Amino acid sequence: MGSRIGVAVMAVLLVLYIALVGWRAVVLLGSGQALGITMGVALLVMPLIGAWALARELQFGLAADRLGRTLDAEGGMPAAPEHLRSNGRLLPEDADRLVAEYGSAAAAEPEDWRAQYRLGVVQDAAGHRKDARAAIRAAIRLAR
């Protein structure tokens with residue numbers, strides 16, 4: 001629940017930032033000076049990119065959360081090893097073994113979103129954020 005509150009706070013702050021930058025862009029566009037107009041156009045593009053990025057991240061987060069809750073309700077989430085680092089990550093000796101194990105399972109069933117999602121969860125716990133997001137994106141795509 002705490003992470004949802006954090007996401008909501010960050011989203012509100014980003015929307016506020018986008019609104020303020022957009023307002024500043026309108027002011028610069030109305031200046032009538034070439035440099036002001038150029039900066040105004042640039043400032044209009046930046047909030048659009050920010051809004052797009054925010055929408056994509058929220059979409060990803062909601063879809064990943066939905067799949068995670070579904071898999072957890074089915075009892076299919078990976079079991080956490082007994083010993084973890086203080087930050088909740090896997091120990092290096094467990095990380096390599098579990099990533100290989102769940103990677104093999106995902107490769108054996110490339111059309112199963114559950115296998116892809118489990119791989120993403122294990123990769124995230126191992127600290128492989130980029131690979132984890134790719135696996136979870138694949139799971140979202142397969143679940144549709």
Side-chain angles (χ1 to χ4, degrees), residues 1-30 35-144:
M1 184 57 121
S3 64
R4 288 184 182 186
I5 292 170
V7 167
V9 168
M10 292 304 294
V12 167
L13 289 173
L14 184 57
V15 167
L16 179 63
Y17 173 77
I18 289 168
L20 289 172
V21 169
W23 173 77
R24 190 67 179 154
V26 170
V27 169
L28 286 168
L29 286 171
L35 182 58
I37 292 170
T38 303
M39 289 176 63
V41 169
L43 285 178
L44 278 178
V45 170
M46 296 306 279
L48 293 175
I49 293 171
W52 172 81
L54 175 63
R56 294 278 299 172
E57 284 301 310
L58 289 176
Q59 215 174 23
F60 172 79
L62 291 172
D65 184 57
R66 179 179 45 81
L67 291 182
R69 282 185 279 121
T70 300
L71 192 59
D72 192 36
E74 295 173 356
M77 288 296 270
E82 189 174 319
H83 301 289
L84 297 171
R85 291 181 178 175
S86 60
N87 63 0
R89 300 264 185 233
L90 296 171
L91 295 173
E93 56 272 12
D94 291 332
D96 294 337
R97 178 181 54 79
L98 289 172
V99 167
E101 177 184 326
Y102 284 96
S104 297
E109 298 184 65
E111 298 302 316
D112 181 16
W113 71 263
R114 290 165 180 83
Q116 295 296 326
Y117 192 89
R118 282 190 284 267
L119 175 59
V121 169
V122 170
Q123 286 174 327
D124 185 56
H128 305 253
R129 302 277 306 177
K130 186 177 179 181
D131 295 333
R133 287 180 68 87
I136 292 175
R137 264 192 223 99
I140 292 168
R141 195 171 38 258
L142 290 169
R144 288 188 185 147

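Predicted model only: the values in this text are computed from it and were never measured.
- For the atom pair CG (L91) and CG (L98), the distance works out to 10.5 Å, reported to the nearest 0.5 Å.
- Shown here for L44 and L48, the closest heavy-atom pair between the two residues is O-CG, 3.3 Å.
- Considering all non-hydrogen atoms of both residues, V122 and Y102 come closest at CG2-CD1, 3.5 Å.
- The side-chain heavy atoms of I136 and Q116, taken from C-beta on, include no pair separated by under 4.5 Å.
- Within a 6.0 Å radius of OH in Y17, no more than 12 heavy atoms belonging to other residues, nucleotides or ligands are found.
- Rounding to the nearest 0.5 Å places CD1 of I5 at 14.5 Å from CE of M10.
- Taking CZ from R144 and CZ from R141, the interatomic distance works out to 8.5 Å, rounded to the nearest 0.5 Å.
- Across every non-hydrogen atom of A106 and L119, the tightest pair is CB-CD2, 3.8 Å.
- Side-chain contact between E74 and R114 is present, with at least one heavy-atom pair separated by less than 4.5 Å.
- A heavy-atom distance below 4.5 Å is found between the side chains of V7 and L58.
- At most 12 non-hydrogen atoms from other residues, nucleotides or ligands lie less than 6.0 angstrom from CE of M46.
- The two residues A132 and G120 make their nearest non-hydrogen contact at CB-O, 3.2 Å.
- Using a distance-only test at 3.5 Å, with no hydrogens or angles considered, a donor-acceptor pair links the side chain of R89 to the main chain of D124.
- Here the side chains of L29 and M39 are not in contact, with every heavy-atom distance at 4.5 Å or above.
- Of the possible polar contacts, one joining the R118 side chain to the G76 backbone as a donor-acceptor pair under 3.5 Å is found.
- Side-chain contact between Y117 and V121: present, with at least one pair of heavy atoms (C-beta onward) separated by less than 4.5 Å.
- The two residues G68 and M77 come nearest to each other via the heavy atoms O-SD, 4.2 Å.
- When side chains are defined from C-beta on, L90 does not count as touching R85, because their heavy atoms never get closer than 4.5 Å.
- Note on R97 versus D94: salt bridge recorded, some NZ/NE/NH1/NH2 to OD/OE distance being below 4.0 Å.
- From L43, atom CG reaches atom OG1 of T38 across 11.0 Å, with rounding to the nearest 0.5 Å.
- Annotation for A63 and I140: closest pair CB-CD1, 3.7 Å, computed over non-hydrogen atoms.
- Heavy-atom neighbours of R24 CZ from other residues, nucleotides or ligands within 6.0 Å: at or below the threshold of 12.
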